[in-house]
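This one's a predicted model, so the numbers in the text were calculated from it and none came from an experiment.
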Amino acid sequence: MKLNLRNPLVFFDLETTGVNISSDRIVEISYLKVTPNGNEESKTRRINPQRHIPEQATAIHGITDEDVKDCPTFKEIAKSLAAQIEGCDLAGFNSNRFDIPLLAEEFLRADVNIDLAKRKFVDIQTIYHKMEPRNLIAAYKHYCGKDLTEAHSAEADTRATYEVLMAQLDRYPELENDIEKLSVFSSFTNNVDFAGRMIFNEKNEEVINFGKYKGLLVKDVLKKDPGYYSWIMQGDFALDTKQKLTEIRLRMNS
């Protein structure tokens with residue numbers, strides 16, 4: 001089967017220092033770009049996170065401080081990476097909840113303006129969990145009939161994710177070979193920010209999605225509790241979350 005693409009689709013995977021979107025950093029990124037005519041281009045880059053890679057993280061992906069000490073920082077590759085994925089839709093495994101929010105955060109920290117909100121996102125894990133709840137290793141075995149022997153290698157995980165999506169399209173006739181529809185199907189919520197701290201309701205209004213104000217309109221919370229904005233801006237929240245909240249606040253005051 002050939003993917004039905006309007007735009008190039010970039011399958012990507014990140015290896016990181018941890019799982020905190022606002023404070024952890026990328027140590028390896030691998031991507032596989034598939035173009036509408038079926039051509040494929042892949043690349044893997046290791047990145048110096050400019051901080052210690054915790055032993056717990058190294059135990060998962062095998063990357064140490066020594067491995068990346070001479071590698072470029074994300075800021076040094078950000079512009080070229082942004083150019084490589086310009087005009088592309090994005091796909092990954094658990095990418096909507098982790099990889100895309102963290103990638104967006106890294107671009108913001110590097111002062112590289114890339115509007116990821118215009119892209120379509122296909123999360124193969126979400127499709128898998130809706131169809132056959134498990135993880136990437138099991139998905140690869142289930143759909144492709146092969147063992148993922150190099151799991152948690154970004155390059156192996158990226159290729160496996162691509163192969164799993166192709167097998168999912170073959171297996172489930174109800175899944176349409178259309179990136180826009182796959183993007184909608186693989187989303188749990190319609191996020192305002194990549195971290196999902198705010199979501200859109202059925203009226204396309206921004207709603208708080210966590211904490212004591214969960215379910216309330218953002219504009220109502222900002223009016224009722226003016227200190228809430230400062231709390232978010234000074235707290236351990238993703239830069240993207242802070243940016244989106246600021247945009248809402250400015251819109252209310254305009």
Side-chain angles (χ1 to χ4, degrees), residues 10-32 42-78 80-82 84-85 90-112 114 116 121 123-126 128-129 133-141 147-164 188 191 193-197 210 235-242:
V10 173
F11 293 83
F12 78 104
D13 185 69
L14 307 177
E15 303 301 341
T16 66
T17 60
V19 295
N20 188 312
I21 292 168
S22 61
S23 62
D24 279 305
R25 300 291 189 269
I26 297 170
V27 297
E28 185 176 75
I29 180 169
S30 185
Y31 72 81
L32 171 64
S42 63
K43 190 168 187 177
T44 300
R45 297 288 301 269
R46 287 210 169 159
I47 298 167
N48 186 340
Q50 298 179 290
R51 63 179 58 195
H52 173 59
I53 302 174
E55 286 69 22
Q56 307 95 293
T58 297
I60 294 173
H61 50 57
I63 302 172
T64 65
D65 293 340
E66 182 66 21
D67 293 330
V68 296
K69 66 181 178 65
D70 296 323
C71 294
T73 64
F74 188 88
K75 188 175 182 66
E76 290 172 328
I77 70 162
S80 64
L81 179 60
Q84 288 158 1
I85 65 174
L90 300 174
F93 200 87
N94 193 34
S95 50
N96 283 357
R97 293 185 175 184
F98 181 71
D99 299 80
I100 287 172
L102 182 55
L103 184 63
E105 198 73 359
E106 289 279 33
F107 276 125
L108 285 170
R109 281 191 285 260
D111 294 321
V112 171
I114 177 170
L116 293 177
F121 305 132
D123 192 328
I124 284 73
Q125 185 192 60
T126 304
Y128 181 43
H129 282 179
R134 288 194 189 97
N135 60 25
L136 179 57
I137 295 173
Y140 194 59
K141 181 70 173 179
D147 293 321
L148 185 53
T149 56
E150 296 181 28
H152 299 302
S153 154
E155 185 171 358
D157 287 357
T158 298
R159 170 64 63 174
T161 300
Y162 174 41
E163 291 182 27
V164 167
F188 279 107
N191 291 353
D193 60 319
F194 289 118
R197 297 288 189 173
F210 74 104
D236 186 23
F237 292 93
L239 294 176
D240 176 65
T241 300
K242 296 176 180 180

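Counting all heavy atoms, side chain and backbone alike, Ile21 lies closest to Ala238 at CG2-CB, 4.3 Å. Residues Val112 and Ala82 come closest through the heavy atom pair CG1-CB, 4.0 Å. The two residues Phe121 and Leu116 come nearest to each other via the heavy atoms CZ-O, 3.1 Å. Of all heavy-atom pairs between Asn48 and Val68, the closest is CB-O, 3.4 Å. The minimum heavy-atom distance between Ala110 and Phe74, with the atom names listed, is CB-CD2, 4.2 Å. The minimum heavy-atom distance between Pro49 and Ile53, with the atom names listed, is CG-CG1, 4.1 Å.
Atom-to-atom distance recorded for Cys71:SG and Ile77:CD1 is 9.5 Å, nearest 0.5 angstrom. The CG atom of Leu136 lies 10.0 Å from the CD1 atom of Ile124; values are rounded to the nearest 0.5 Å. Note that the CG atom of Leu103 and the CG atom of Leu90 stand 7.5 Å from one another [nearest 0.5 Å].
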>> Assess the residue pair Thr17 and Asp24 against the criterion (side-chain hydrogen bond (donor to acceptor under 3.5 Å, both in side chains)); give the C-alpha distance rounded to whole Å, side-chain angles, the decisive distance to 0.1 Å, and a yes or no.
In response: CA-CA 6 Å; Thr17 60; Asp24 279 305; 2.7 Å; yes
> Can you check side-chain hydrogen bond (donor to acceptor under 3.5 Å, both in side chains) on Thr149 and Asp147, steps first, answer last?
Replying inline: CA-CA 6 Å; Thr149 56; Asp147 293 321; over 6 Å; no
> Stepwise, does the side-chain contact (heavy atoms from CB on, under 4.5 Å) test hold for Thr16 with His61?
Replying inline: CA-CA 8 Å; Thr16 66; His61 50 57; 5.8 Å; no
> After noting the C-alpha distance and the side-chain angles of Asp13 and Thr161, does the key distance pass the side-chain contact (heavy atoms from CB on, under 4.5 Å) rule?
Replying inline: CA-CA 9 Å; Asp13 185 69; Thr161 300; 5.8 Å; no
> Step by step, would you call Asp236 with Ser22 a side-chain hydrogen bond (donor to acceptor under 3.5 Å, both in side chains)?
Replying inline: CA-CA 7 Å; Asp236 186 23; Ser22 61; 2.7 Å; yes
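Looking at Val27, Ile26, Leu81 one by one, the single match for side chain to side chain contact (heavy atoms under 4.5 Å, CB included) with Ile47 turns out to be Ile26.
Shown here are the side-chain hydrogen bond (donor to acceptor under 3.5 Å, both in side chains) partners of Thr241, two or more places apart in sequence or in another chain: Asp193.
Between Phe107 and Asp240 there is no side-chain heavy-atom pair separated by less than 4.5 Å. Put simply, the side chain of Glu106 reaches to within 4.5 Å of the side chain of Arg25, judged on heavy atoms. Looking only at side-chain heavy atoms (C-beta outward), Arg159 and Glu163 come within less than 4.5 Å of each other. With contacts defined as side-chain heavy-atom distances shorter than 4.5 Å, the pair Asp99/Phe12 qualifies. At a threshold of 4.5 Å between non-hydrogen side-chain atoms, the residues Tyr162 and Thr158 do not count as touching. In this structure the side chain of Asp111 reaches within 4.5 angstrom of the side chain of Lys75, judged on heavy atoms.
Residue pairs that meet the salt bridge (charged side-chain N to carboxylate O under 4.0 Å, His left out) test with at least one member in residues 57-70, sequence neighbours left out, are Glu66-Lys69. The salt bridge (charged side-chain N to carboxylate O under 4.0 Å, His left out) contacts involving residues 45-58 comprise Glu28-Arg46, where partners must be two or more places apart or lie in separate chains.
More than 12 heavy atoms of other residues, nucleotides or ligands lie within 6.0 Å of CD in Gln84, so this atom counts as buried by the packing criterion. By the 6.0 Å contact criterion, CD on Glu150 is open, its count of non-hydrogen atoms from other residues, nucleotides or ligands being 12 or less.
Phe237 has its ring centre less than 6.0 Å from the ring centre of Phe210. Ring-centre distance between Phe11 and Phe93: not below the 6.0 Å cut-off.
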